[in-house]
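Here the structure comes first, spelled out in structure tokens, and everything after it is commentary.
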Amino acid sequence: MNPIQKFFDKIEPLFEKGGKYEKYYTLYEGHRTILFRPKLVTGKKGVQVRDANDLKRTMITVVIAMIPCLLFGIWNIGHQHFLAIGETATFIQKIGIGAIQAIPIIIVSYAVGLGTEFAVCVIRNHPVNEGYLVTGMLIALIMPPSIPLWQVALATIFAVIIAKEVFGGTGMNVLNVALTARAFLYFAYPTDISGEVWTYLGDATAVDGYSGATALAVAYDTALNGTGTVMESFSSFWAEGMYSFKNMFIGAIPGSIGETSTLMVLIGAAILIATGVGSWKIIFSVFAGAWLMGLGFNAVGYNAFMDMPAHYHLVIGGLAFGAVFMATDPVSAAHTETGKWIYGFLIGILTVIIRVVNPAYPEGIMLAILLMNVFAPLIDHYVVESNKKRRLKRATV
Amino acid sequence: MSHTIKLKKGFDINLAGKAEQKISSAPKPETFAIKPTDFPAITRPKLLVEEGDSVKAGTPLIYDKMAPDVLYCSPVSGEVAEIKRGDKRKLLELRILADKENEFVDFGKHSKSDLKSLDAEKAKETMLKSGVWPNIIQRPYGIVANPEDSPKAIFISAFDTHPLAPEYNFIYKEDEEAFEAGLEVIKKFTQGKVHINISEDKEMLKMFSQAEGVQINKFSGKHPSGNVGVQIHHIDPINKGDIAWTVKPYGVIQIGNLFLSGKYDASKKVALTGSEVSEPQYYQTYVGASIKNIIKDNISGDHVRYISGNPLTGERIDADGYLGYYDEQITVVPEGDFEELLGWIKPTTSKLSIHRAIGLLSFLNKKKEYVLDTNTNGEERAFVLTGEFEKVLPMDILPNYLFKAIMAEDYDEMEALGIFELVEEDVALCEFIDVSKHELQAILRKGINLMING
């Protein structure tokens, strides 16, 4: 027998009924099942053999799909940092700075989130769920690099308790948990999650003309000031070539840690779609909705932001990241296959509307997804009703 | 007239241990059992015999107080050896110690030409008292048919697509006459059509593909295309108030034999399959046989599970347990009651999964046969993934919503979402692929029971 198994066997009586730590059985079991596939077998009647996949494997696949975004994000923090302070730096230096900024955020997100989960599990005596594997990484990736760690912790606790556990835990939540964390910060500490927070400066001084604005902010300001087109503003940005389409696609731009690179997000999307973990219908329809809405605004052409070429909407801001990793959350998204098309499409449309029309907050994907999370059950309701109607119609024919 | 219905959804579970097409004769089992639990319809089983009584093949043993006309009879002659009861004196098994040679109750012979003119009521009466009636299953609910009903149609699936399923074309090739006779009798019970559903993907016996006076329908596709419930859904779906009957080819043959020979012939060929069987093959035996003699000296694993039936819908039995009434298959797979270090995360090619999160490259080797053990490969969780069940249920049904309606005991929703069209075997694949590891077949049966009693 494996020595780890032996160790677990040895301490098991402490956690069993009547044991010293009976209350913490769920913690013990949670750790054991992370290390070992449990020895549970199928029942007397019904399926006698089971598919090899389980929820843990599904969740870890999503985490794997996010790794390209994470790695790129770490590099990009360093890259933006040195760009802003006007120094040249090696790849390793960039990674170093990035890692120092990003890894604590990830650690805090996981430690605080899992801690909260475990605490709730112990209090309510239900098994530890693997849902947080994904949420923990998502929360870290949608934070600005300069976010104070205590805010990450606070947002995480809020999201896990209010968005998930009060509804009954993984699988029961209405809203996307990670987005709730970000929404919490947006409403509670707006100054720390908007404005010039997207580039980590540290103690260094920024170069002359430095502007920490994101592409969305630039586009919005251009429309507000009525000076020239968005394309002109992009090309005259303080760092040359920063907001070229190619650079924005690759993602070497200021933004949240993991969301700047459309390319890396697409690699993640490829992993999710290839493994069948993420719904390609939702991903595709978010992009389609956003692009079509962009075209629609082009046709209206009321201001410069509306005139921005529609395909730029797909690479700026967090649209791609939201479409691939947030909108596809199977719990808070529409559950029916037809519903997924509608759900994704509306997210795409709403994102661009919020971006272009809403004066308060330039990024739209977060609010669009949260809004559609709320409407997803309604979409499903109508899809289910149509199924019932079809069934009923058949009966009367 | 026939047309082909192509089903794209589904999943073939390719397990190791397919039965070779040869029939061995194991020594006749010493004991046989009738298990009321094989029949979901029986709610209050009543005994007609006592321990020590001697019985013939065809002697009634039990009946259901709620449907007293249907008799469940002894498959062989011998002595009632033991009546096994469980909690609250629930009747679990009625064991018969078999004679060496079978003696039969005589139910009266008919010639094949007589059968055409045989009165339906008379035929029904013979079938009820001889023990062959439970072969007729009613939809909705998948319970033994009520003889008072007149079904809108009768459906026979002439192929089985379950993993390691017995090959009907092989085991029934000598039963043409009995099948035709059985069909002749069954036709009397409906004003509607009798449907025989055959596989488009393989050559079928003439008695299926060229049966006379019936509607032949062709189906192609993966499992569950052989499930009669799926077939009914595509041919003539069951709506509220409808009653349809289904019979397996074995039932039709048994009914035919009853009328041709006047005997309740409970002999059947079963497939002994599974990765832990040294020589998977077919055996000639009887309904309710103890599997002891069949598995003897033919099991290679040392810690195995014996399943009466197939690995999707079967029932765990002991090494000296008994074959279920409707089962034509015994499957032996490894028990999976052991832990596996990082079993949920490590890359592997030996595990089977419809989900590409594990079987990403499995399409490279489609013919690979898998050895699956009985481990659940994960703990029970809330429903998280969506759209997965729909991939393996080729029906216009939203399984997730139906299961939730059942859990909520919402009768109207269950009805509106299609509970009338399903029995356990139809959702077995959903249960197999469910990453949240729910016992969906049990949930469905709970819903069906609610509908019956509600």
Side-chain angles (χ1 to χ4, degrees), chain A residues 2 4-5 8 29 32-61 127 129-131 168-172 274-277 279 281 330-331 333-337 340 380 383-385 387-388 390-392 394-396, chain B residues 15 237 239-240 305 307 311-316 331 333 335-345 348 351-358 360 372-379 381-387 390 396 398 400-401 416-418 424 428 431-437 439 441-442:
Chain A
N2 188 303
I4 311 171
Q5 257 166 314
F8 273 113
E29 194 231 353
R32 188 163 189 157
T33 52
I34 286 173
L35 283 166
F36 297 96
R37 172 189 83 164
K39 51 187 167 190
L40 303 169
V41 290
T42 51
K44 183 168 165 62
K45 217 168 170 163
V47 293
Q48 304 288 313
V49 293
R50 286 272 193 174
D51 188 287
N53 201 16
D54 72 343
L55 206 53
K56 283 195 185 71
R57 178 88 171 205
T58 309
M59 293 290 184
I60 205 77
T61 310
N129 262 315
E130 41 279 337
T170 301
M172 310 290 188
T275 53
V277 171
S279 165
K281 290 171 190 164
V331 177
H335 293 179
T336 54
E337 295 307 290
K340 285 174 184 170
D380 283 336
V383 176
V384 174
E385 284 305 306
N387 177 282
K388 288 191 211 161
R390 210 158 44 234
R391 194 168 288 290
L392 211 62
R394 199 182 69 187
T396 50
Chain B
L15 295 183
N239 301 303
K240 190 182 182 181
R305 177 178 296 198
I307 302 161
L312 280 184
T313 63
E315 182 171 0
R316 180 183 69 208
T331 315
V333 294
E335 249 332 329
D337 55 348
F338 55 91
E339 290 181 308
E340 187 188 350
L341 186 62
L342 300 177
W344 61 279
I345 192 177
T348 173
K351 290 183 179 173
L352 174 68
S353 177
I354 188 176
H355 305 278
R356 293 191 303 271
I358 283 198
L360 186 59
L372 299 193
D373 63 32
T374 60
N375 195 285
T376 54
N377 295 311
E379 309 96 322
R381 290 287 183 258
F383 286 117
V384 170
L385 288 195
T386 58
E390 284 83 349
D396 184 18
L398 301 166
N400 241 320
Y401 285 87
L417 289 166
E424 285 95 326
E431 182 171 312
F432 174 79
I433 69 159
D434 181 16
V435 294
S436 302
K437 313 292 176 186
E439 295 197 338
Q441 297 182 66

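These numbers come from a predicted model, not from an experiment. Proteins get letters first, then strands, A, B, ... in listed order; numbering begins at 1 in each.
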- [ ] Output yes when a side-chain donor or acceptor of A/R50 lies under 3.5 Å from a complementary backbone atom of B/E431, and no otherwise.
- [x] yes
- [ ] Rounded to the nearest 0.5 Å, what's the gap from NE2 on B/H355 to OG1 on A/T275? Could you check?
- [x] 11.5 Å
- [ ] Could you tell me whether B/K240 atom NZ has more than 12 heavy atoms of other residues or ligands within 6.0 Å of it?
- [x] no
Open item on the list: Which one wins on heavy-atom pair count under 4.5 Å against chain A: B/G336, B/P237, B/A357?
Closed with: B/A357
Open item on the list: With a 4.5 angstrom heavy-atom cut-off, is it the side chain or the backbone of B/F338 that approaches chain A, or both, or neither?
Closed with: both
Task: Which of A/N2, A/T58, A/L55 touches chain B most, by non-hydrogen pairs under 4.5 Å - done: A/L55
Task: Residues forming a side chain to side chain donor-acceptor pair (under 3.5 Å) with B/E390, sequence neighbours excluded - done: none
Task: Greatest number of heavy atom pairs closer than 4.5 Å to chain A - which of B/I354, B/V333, B/L15 - done: B/I354
Open item on the list: Measuring from atom CH2 of B/W344 to atom CG of A/L35, what distance do you get when rounded to the nearest 0.5 angstrom?
Closed with: 9.5 Å
TODO: Would you give the length of the straight line joining atom CZ of B/R381 to atom CG of A/D54, rounded to the nearest 0.5 angstrom?
DONE: 8.0 Å
Open item on the list: Tell me which of these, B/S353, B/G378, B/G418, has more heavy-atom pairs under 4.5 Å with chain A than the rest.
Closed with: B/S353
- [ ] Tell me, for B/T374 versus chain A, whether the close heavy atoms (under 4.5 Å) come from the side chain, the backbone, both or neither.
- [x] both
Task: Per-residue contact mode, A/K340 against chain B (heavy atom under 4.5 angstrom) - done: side chain
Task: Trace of the side chain to side chain donor-acceptor pair (under 3.5 Å) decision for B/D396 with A/N387 - done: CA-CA 8 Å; B/D396 184 18; A/N387 177 282; 3.1 Å; yes
- [ ] Check each atom of A/T33 against the heavy atoms of chain B and say whether the ones under 4.5 Å are side chain, backbone, both or neither.
- [x] both
Task: 4.5 Å side-chain heavy-atom contact, A/L40 and B/K437 - done: no
TODO: State the CE-CZ distance between A/M172 and B/F383, to the nearest 0.5 angstrom.
DONE: 9.5 Å
TODO: Identify whether the distance between the nearest side-chain nitrogen and carboxylate oxygen of B/E439 and A/K45 falls below 4.0 Å.
DONE: no
- [ ] Grab the two heavy atoms, one from A/V41 and one from B/E335, that are nearest each other, plus how far apart they are.
- [x] CG1-OE1, 3.7 Å
Task: Part of B/E315 within contact of chain A (heavy atom distance under 4.5 Å) - done: both
TODO: Flag the one option from B/E340, B/E424, B/Q441 with the top tally of heavy-atom pairs under 4.5 Å to chain A.
DONE: B/E340
Task: Nearest-0.5 Å distance that lies between atom CG in B/L398 and atom CG in A/D380 - done: 9.0 Å
Open item on the list: For chain B, which candidate among A/A334, A/S279, A/A274 shows the most heavy-atom pairs at distances under 4.5 Å?
Closed with: A/A274
Open item on the list: Quick check: do B/E379 and A/P38 have side-chain heavy atoms less than 4.5 Å from each other?
Closed with: yes
- [ ] Pick one of side chain, backbone, both or neither for A/T61, based on which atoms fall under 4.5 Å of a heavy atom in chain B.
- [x] side chain
Open item on the list: Let's go through A/T42 and B/R305 carefully: what are the C-alpha distance in whole Å and the side-chain angles of both, what is the deciding distance for side chain to side chain donor-acceptor pair (under 3.5 Å) to 0.1 Å, and is it a yes or a no?
Closed with: CA-CA 10 Å; A/T42 51; B/R305 177 178 296 198; 3.0 Å; yes
Open item on the list: Treating A/R37 as the side-chain partner and B/N375 as the backbone partner, does any N or O pair qualify as donor plus acceptor under 3.5 Å?
Closed with: no
Task: Residue selection (most heavy-atom pairs with chain A, distance under 4.5 Å) from B/A382, B/A416, B/G387 - done: B/A416
TODO: Select, from A/G43, A/A333, A/G276, A/P330, the one with the greatest count of heavy-atom pairs under 4.5 Å involving chain B.
DONE: A/P330
TODO: Give the member of B/L372, B/L417, B/L385, B/I433 that has the highest number of heavy-atom pairs under 4.5 Å with chain A.
DONE: B/L417
- [ ] Please check if the side chain of B/E339 supplies one atom and the backbone of A/F36 the other of a donor-acceptor pair under 3.5 Å.
- [x] no
